[in-house]
Amino acid sequence: MKRFNLLLSLLMVSAIFAFGQHKLPELPYSYGALEPYIDSTTMRIHHSGHHATYVNNLNKALEKYPHLQSWSVRDLLLKLNSLPKDVQTAVRNNGGGHYNHTFFWQIMAPAGTTKMSAKLENAIVKYFGSVDKFKEAFEKAATGRFGSGWAWLLKKSDGTLYVESTPNQDNMLMPYNTLKGKPILALDVWEHAYYLKYQSKRAAYVKAFWNIVNWEKVAELGGY
Ligand code: MN
């Protein structure tokens, strides 16, 4: 029995080391919670398949650099240029993927559970003219991104709100990205995010997204 317990402890310790520093966060809702706008199967594959792979590959990339293993994903991305050359691409893609998806899960909520605060609405009206015009600009950024990437609503330090898109898993933390500002809303426009339900109709997925935005979280992130 003792020997068995020892074996079990060794297995657990090795599992922890194999798993590494970065962990897949739990979703703040169930896989089916965003139905019918994002289907349960897509959510499950997206979270337990795609996001988990970014986390595992990030941990693998850092395996031979123990001093980097205690860094947060945010710090890794901010200091990407100073990392060892042979891990920069892996950290850019997988660290970016981990960061962006962790962000994305938080800014969604089951339909009808949150609404835009007056403060957030005022800011949107100030910088875009109206909520509809903001949505139009965001949809344009999301549908206009060729290939895989993300659409973002960003808040600059002077308060300005604007929308942009980035390719692949790039984001504003990365040094070669000239876009400035804090992300307060994002949409994943990789095909894996919508293909099962919407096939090639990215625009329909982008329109459906408005039903499941967590406006309370967006307001909180923007300080409204
Ligand atoms: Mn994704």
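Quick note: residue numbers are just sequence positions, from 1. Both ligands and their constituent atoms are indexed starting at 1 by order of listing.
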Short side-chain to backbone donor-acceptor contact, T114 and W215, under 3.5 Å: yes
side-chain hydrogen bond (donor to acceptor under 3.5 Å, both in side chains): pairs with one or both residues in residues 128-149, sequence neighbours excluded: E139-K207, E139-W210, R145-S165
Under 2.8 Å from the Mn ion (ligand 1), the protein N, O or S atoms, given as residue and atom: H46 NE2, H101 NE2, D188 OD2, H192 NE2
Other cluster members, Y65 - Ile/Leu/Val/Met/Phe/Trp/Tyr, side-chain contacts below 4.5 Å: L58, L62, L68, W71, V73, L76, L77, L78, L80, L83, V87, V91, Y99, L173, M174, Y176
Residue pairs fulfilling side-chain hydrogen bond (donor to acceptor under 3.5 Å, both in side chains) with at least one residue in residues 37-49, sequence neighbours excluded: Y31-H47, D39-T42, H46-H101, H46-D188, H46-H192
Side chain to side chain donor-acceptor pair (under 3.5 Å) assessment of W105 paired with H51: CA-CA 11 Å; W105 310 135; H51 189 172; 2.9 Å; yes
Side-chain (K182) to main-chain (L221) donor-acceptor, under 3.5 angstrom: yes
